Amino acid sequence: MSKLMSWVDARFPLSKFIKEDLTDYPTPRNLSYWWNFGFLAGFVLVLQIISGIFLAMHYKADASLAFDSVEHIMREVNYGWLIRYVHSTGASAFFAVIFIHMARTLYYGSYRAPRELMWWTGQGLLLLLMATAFMGYLLPWGQMSYWGAQVITNLFRATPFIGDEVVVWLRGGFSIGDATLTRFFALHYLFPFLIVAVVLIHLVALHSVKSSNPSGINLAEKDNIPFHPYFTAKDFYGLGVFLIIFCYFVFFMPQFFIEADNNIPANPLKTPTHIVPEWYFLPFYAILRSIPDLLGGVIAMGLSVMIFAAMPFLDRSSIPGGARYRPFYRVLFYVFVIDVIVLGYVGAKPPTGVLVVVGQVSTFIYFGLFALLPFLSIKEDKWLRKRGLPAEVDVLIKSESEEIEKKAKKNT
Amino acid sequence: MSDDEVKNPEKPGRRYFLETVTGVVAGAGVCGAAWPFISSMNPSTDVLAKSTAEVDLGDIAVGEAKTVEWQGKPVFILHRTPEQIAEVRKSVDTKDPTPDEQRVQKPEWLVVVGLCTHLGCVPSRKDKGWFCPCHGSVYDNSGRILSGPAPKNLILPEYEFLTENRILIGKKEG
Ligand code: FES
């Protein structure tokens, strides 16, 4: 065995990689369970790819066969029901995990220097994930699939000058049809592998800047511990908890995330009385609806997803980390979370009466918070400096940076 | 590399010219090669061939609306009553004001594409017009937008009367 290893090592840095990036990879010792979600996202990605490939062996991407082939999977294929429910529940799990992963990054300020590229590759992953989920949702060819795709592809009509042509081009027909279904299937199969590629970039960036930690302070060597066994154990424990919840949905509430209307085959001549997107798109959908103008709505919705990328620029504080030592920022964070939940609720309901106003106010707050951040973070910074950071934080920052300096001196 | 350039690398010469030309040709080549792929995603000829629909109006009673399929899209055909005509002719006070005369060929027959101009749901029939369930746009019996997020009136397809009671929706190609 060791002979084989040294044969390989002479040609490929295998044991070096295992040592430096897996077993001995230095990890801050104070990571909480909020740091589990990156690993969980990776797990769900693999789960989706595997279940998806097996579904593709039985699924037929043809407008006249698609709906029935899904029924065929559910009724006749051995364990087809299980694989499909894992895949449909997995989509929701993926977004749940990613949203928590993002919330953690926002709360602890992990997007700040030097981790901007992690945040931006993450933003790219979010877009890819949304596109993949959206296209996958058309494949069962139910009413919600059909009309969801109809509404979303129609958004491209807002393209200046060539809007109508773009929509026809995307659909491959004058309305959603067979051509749309087959291209969505092709791309739905492709995109996960693009996601894998971007995840690798995300991880290379991570291993160069290393994990952030709850304090937001760069920790010296003495406060880092090897990834294995400490964080392999912690990640797998978290995985166990995740799987319990996940399996509960798969086995006991598999239809929870599936709209009832999607059990009716797609009908191009009849819109369901109330169209709702999947839950993970609801806040963005609410923002789209809150702007009374099509182009304005589309821009606002696009911006509401992309604005996260601006966080490293908007946050102008010099206090390390995120909400932990920064009371103003913490308030901002919680208001944001509540606002997103309100938007999600508004997005799920028909747009009538006060809900329209609630949606518009929440949209305003959503963007207002991002707009407020630069001023607030500078104000907060001054206020905190004047007042002095809590003693233990000051001590921690000093001792860690001294330690890091000492190490740097020794090395030169 | 000419002697001149070796001695004086700051001054771009023939090399610079060749690089630019190669770059431009390669770029144009990539764009040209991409075109067949982009174009393949447009509607195929068999889809285009089915781009007209002939409809018999004989079985639509006065005051009744019928939905027919054209290019995969629903088309509403409304056989309007004299009162309905009178009402839509009265006012053009809508978001996208167009007199009813310009929206029909014969006053009793309204032919519109049955897709909401907001995001493309199919509005449902109400006695005063149509109501879109998706985001609440309201259209009158001329297919004109009265309220809601939709920016425009329901689209008018091209159609012609073949006989008194038959219409052809869509343009005949060639
Ligand atoms: S699609 Fe009809 S109101 Fe939005």
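What you are looking at is a predicted structure, and each value in this text was computed from that prediction instead of being measured. Protein chains get the first letters and strands the later ones, always in sequence-line order, with residue 1 at the start of each.
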Practice item. Look at atom CZ of A:F256 and say whether more than 12 heavy atoms of other residues, nucleotides or ligands are closer to it than 6.0 Å. Key: no

Review point. Side chain, backbone, both or neither: which part of A:W169 has an atom under 4.5 Å from a heavy atom of chain B?
Key: both

Review point. Of the backbone (N, CA, C, O) and the side chain (C-beta and beyond), which part of B:L115 lies under 4.5 Å from a heavy atom of chain A, both, or neither?
Key: side chain

Exercise for review: Under 4.5 Å heavy-atom distance to chain B, tell me which part of A:P292 shows up: side chain, backbone, both or neither.
Suggested key: backbone

Review point. Is B:K128 atom NZ crowded by more than 12 heavy atoms from other residues, nucleotides or ligands, each under 6.0 Å away?
Key: no

Check your understanding: So, the side chain of A:R289 versus the backbone of B:P149: is there a donor-acceptor pair under 3.5 Å, distance only?
Key -> no

Check your understanding: Roughly how far, to the nearest 0.5 Å, is NZ of A:K270 from OG1 of B:T67?
Key -> 11.0 Å

Listing, residues 17-24 of chain B side-chain donor-acceptor contacts under 3.5 Å, not counting sequence neighbours, or none:
residue, atom, partner, partner atom, Å
B:T20, OG1, B:Y16, O, 2.7
B:T22, OG1, B:L18, O, 2.6

Practice item. Among B:C132, B:G120, B:S39, single out the residue with the greatest number of heavy-atom pairs under 4.5 Å to chain A. Key: B:G120

Point to revise | Heavy-atom closest contact (B:G72 atom, A:P268 atom, distance) | key: O-CB, 3.9 Å

Check your understanding: Could you give the distance from SG (B:C116) to CD (A:Q150), rounded to the nearest 0.5 Å?
Key -> 10.5 Å

Practice item. Report the residue from A:I152, A:L288, A:T153 that forms a side chain to side chain contact (heavy atoms under 4.5 Å, CB included) with B:L119. Key: A:L288

Check your understanding: Around atom CZ of A:F364, are there more than 12 heavy atoms of other residues, nucleotides or ligands at under 6.0 Å?
Key -> no

Exercise for review: Step through the shown structure and confirm whether more than 12 heavy atoms of other residues, nucleotides or ligands are within 6.0 Å of CZ on A:F193.
Suggested key: yes

**Study point:** Among A:L269, A:T273, A:V356, residue most engaged with chain B (heavy-atom pairs, under 4.5 Å)
**Key:** A:L269

Practice item. Name the option with the most non-hydrogen atom pairs under 4.5 Å to chain A; the candidates are B:S124, B:G136, B:P74, B:P151. Key: B:P74

Revision key, fill the gap. Output for pair (A:D293 CG, B:H118 NE2), nearest 0.5 Å, gives 8.5 Å

Review point. Quick one: side-chain hydrogen bond (donor to acceptor under 3.5 Å, both in side chains) partners of A:T363, sequence neighbours excluded?
Key: A:S290

Check your understanding: Given that the side chain runs from C-beta out, which part of A:I275 has a heavy atom under 4.5 Å from chain B: side chain, backbone, both or neither?
Key -> side chain

Check your understanding: Between CG of B:D46 and CG of A:D178, what distance do you get to the nearest 0.5 Å?
Key -> 9.5 Å

Practice item. Could you tell me the separation between the SG atom of B:C121 and the NE2 atom of A:H274, rounded to the nearest 0.5 Å? Key: 11.0 Å

Exercise for review: Go through the atoms of A:L294 and report whether side chain, backbone, both or neither lie under 4.5 Å from a heavy atom of chain B.
Suggested key: side chain

Check your understanding: Is atom OH of A:Y345 surrounded by more than 12 heavy atoms (other residues, nucleotides or ligands) closer than 6.0 Å?
Key -> no

Point to revise | Closest approach of A:F174 to B:Q71 (non-hydrogen atoms, all atoms of both residues) | key: CG-OE1, 3.3 Å

